[in-house]
Amino acid sequence: MTTKDMKDIVALCKRRGFVFPASDIYGGINGFWDYGPLGVELKNNLRDLWWKAMVTCPPIGPDGAPVEIVGLDSSIIQNPKAWEASGHVGGFSDPMMDCKETKLRYRADHLVAYLWKKSEPGKEKFVAFHQEAEEEEKSRRLKKIGFSTDLAEYQKYDFNDPAILGNLANVLGPDAREFGTLTEPKQFNLMFHTFVGATAGEDNKAYLRPETAQGIFLNFKNVLDSSRVKMPFGIAQIGKAFRNEVTPRNFIFRSREFEQMEMEWFCKGEDAKKWQDFWFKERVKFWKSLGLSDENLQIRNHDQDELSHYAKAGLGTADIEYKFPFTAPDFGELEGIAHRCDFDLTQHQKHSGTKLEYLDQTTNERYIPHVIEPAAGLTRGVLALICEAYTPDPGRPSGVYLNFTPSMAPKKAAILPLTAKEEHVPTATKLYLALREEFAVDLDVKQNIGKRYARQDEIGTPYCFTIDNDTASDGSITVRERNTMAQERIALDKAGDFLREKMKG
Ligand code: GAP
């Protein structure tokens with residue numbers, strides 16, 4: 001099997017217009033990315049399919065009735081009191097360590113330390129690495145400091161282990177040359193702040209939301225009062241979130257500005273388990289329907305010590321994880337399905353003084369509902385889809401193609417006049433104008449046909465329609481299928497039906 005190299009994937013994303021470093025002409029800005037002409041199409045496809053799966057066409061519930069979910073688009077900046085109530089001002093922080101030598105900052109829970117078993121007793125030395133560091137990088141570093149490069153000879157420590165924290169003087173930081181340059185971990189809040197209005201004082205301080213979820217809780221009463229939703233029901237939202245991540249890494253996997261697709265499912269506390277199981281199955285089904293393979297998906301329950309503050313008391317959080325090329329053979333989080341209990345609504349009720357209870361009109365019972373929250377990354381989902389689709393193939397001119405499903409492909413078909421001759425181009429243009437009413441299609445006139453096929457392979461277009469000399473005589477066109485490169489002829493006037501049929505599958 002050919003391996004997928006992140007460097008090649010990032011290069012293709014830039015070369016073909018999926019993802020660019022933000023502020024590229026100024027040398028970029030760490031943790032921020034721009035989505036190019038094809039990236040934005042891919043992101044919109046994922047966004048639209050999620051919205052359909054959640055809001056316009058949600059699944060049938062465990063009792064056989066369709067579930068009810070409404071949409072929302074709340075403000076990125078909310079009253080700062082909301083973030084105090086939600087626990088983000090006090091608690092949304094990571095344990096950070098600074099390196100006095102390199103001035104670099106690390107998340108303590110993202111570091112691992114290795115003790116060479118052959119270290120002399122009493123003079124133990126530890127080497128720290130970022131947990132996502134590649135084996136090659138680790139070996140190179142170990143060799144440099146005269147340690148064995150065979151990782152099997154080491155004892156691996158979690159960085160929060162007292163054995164490490166009590167021995168910081170004997171630890172070599174991930175980028176340092178000297179031992180003992182890492183500081184004790186300190187809490188660092190991840191929320192970006194700004195000032196609203198002309199004065200830059202504490203009273204005007206506001207936060208950029210670190211999750212879209214809180215906008216949903218803040219509007220719980222507005223939605224209840226303005227719509228006809230009845231418990232259980234959901235409110236869904238897609239939008240930007242911001243976190244001042246200390247170590248943004250791995251391309252768009254962990255960035256400082258990103259997009260989330262979150263749905264808060266409100267239900268009775270006693271039904272939380274049933275709904276968490278239900279949403280878990282539905283969410284796995286969703287990712288598979290977009291083309292993520294079984295072997296690259298796994299389910300992982302959070303350990304008690306990694307649960308977010310809002311999920312500690314309940315059934316916990318289960319993650320859907322994807323085997324990204326940079327995590328392989330391990331997996332990285334794609335979506336979490338948390339039981340947030342009644343934490344958020346209770347907090348907002350307490351801090352705002354507004355009742356956030358649900359009144360059951362039939363039984364006259366009042367209660368604060370529990371929440372099951374499937375929270376997915378839209379931009380992280382885009383990365384999973386690109387990594388899954390990336391298929392090296394030395395047998396074709398492009399050397400690689402993107403194996404997107406037709407529904408996910410940024411362009412569903414390319415219309416290619418065989419030559420730039422008079423009779424080919426007008427027919428191709430006519431077909432393009434007809435198809436673009438319904439599908440995202442590309443008209444590509446220039447360069448030889450092989451180069452144009454190669455470009456479409458690299459951007460993952462599943463079908464190429466070629467207009468040639470036979471089109472004028474018998475009204476047929478060639479369809480080239482991306483993965484097999486097989487060609488067949490179909491009637492020109494059946495191109496729309498052909499694509500419609502393929503999009504269903
Ligand atoms: N409302 C719950 C919540 O925000 P989370 O696990 O912190 O939970 C949900 O975030 C999803 O958002 C993650 O599973 C991941 O896909 C995405 N995500 C979180 N932080 C991210 C980051 N810095 N960059 C890109 N995506 C991120």
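We count ligands from 1, going down the list as the structure has it; atoms in each ligand are counted the same way.
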Of the side chain and backbone of [X], name the one, both, or neither that has a heavy atom under 4.0 Å from an atom of ligand 1.
X	answer
Thr212	neither
Arg243	side chain
Glu373	side chain
Ser255	both

Should Pro210 be counted as touching ligand 1, given the test is an N or O pair under 3.5 Å?
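Checking ligand 1 against Pro210, no N or O pair falls under 3.5 Å apart.
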ask   = Does any N/O atom on Glu333 come nearer than 3.5 Å to any N/O atom on ligand 1?
value =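 Indeed, backbone or side chain, Glu333 has an N or O that close.
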Using a 4.0 Å cutoff against the non-hydrogen atoms of [X], which atoms of ligand 1 qualify?
X	value
Leu334	14 (O), 16 (O)
Arg254	22 (C), 23 (N), 24 (N)
Ala213	1 (N)
Glu211	1 (N), 2 (C), 3 (C), 4 (O)
Ala375	2 (C), 9 (C), 11 (C), 14 (O)
Glu335	14 (O)

> Under a 4.5 Å cut-off applied to non-hydrogen side-chain atoms, are Leu142 and Tyr114 in contact?
Replying inline: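 No. Closest side-chain heavy atoms not under 4.5 Å.
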Closest to atom 1 (N) of ligand 1 (heavy atoms only, candidates Glu262, Glu321, Glu257) is Glu262
Quick check on Arg340 - does any of its heavy atoms sit under 4.0 Å from an atom of ligand 1?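 Distance cut 4.0 Å: Arg340 passes for ligand 1.
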With sequence neighbours left out, the residues meeting ring-ring contact (aromatic ring centres under 6.0 Å, His included) with Phe258 are none
Tell me whether the guanidinium CZ or amine NZ of Arg380 lies under 6.0 angstrom from the six-membered ring centre of Phe253 and within 45° of its axis.
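Yes, a cation-pi geometry holds between Arg380 and Phe253.
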Report task. State whether Arg256 and Glu245 are salt-bridged, where the test is any N-O pair (Lys NZ or Arg NE/NH1/NH2 against Asp/Glu carboxylate O) under 4.0 Å. Result -> no
Across all chains, not counting sequence neighbours, the side-chain contact (heavy atoms from CB on, under 4.5 Å) partners of Glu84 are Val89
**Study point:** side-chain contact (heavy atoms from CB on, under 4.5 Å) assessment of Phe278 paired with Glu282
**Key:** CA-CA 6 Å; Phe278 172 76; Glu282 287 300 323; 3.7 Å; yes
So for atom CD, which belongs to Glu270, do other residues, nucleotides or ligands contribute more than 12 heavy atoms lying within a distance under 6.0 Å?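 Result for CD/Glu270: enclosed.
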ask   = More than 12 heavy atoms of other residues, nucleotides or ligands under 6.0 Å from NZ of Lys221: is that the case?
value =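 Counting neighbours around NZ of Lys221, 12 or fewer heavy atoms of other residues, nucleotides or ligands fall under 6.0 Å, so no.
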Given the options Asn250, Leu383, Asp330, Phe324 meets side-chain contact (heavy atoms from CB on, under 4.5 Å) only with Leu383
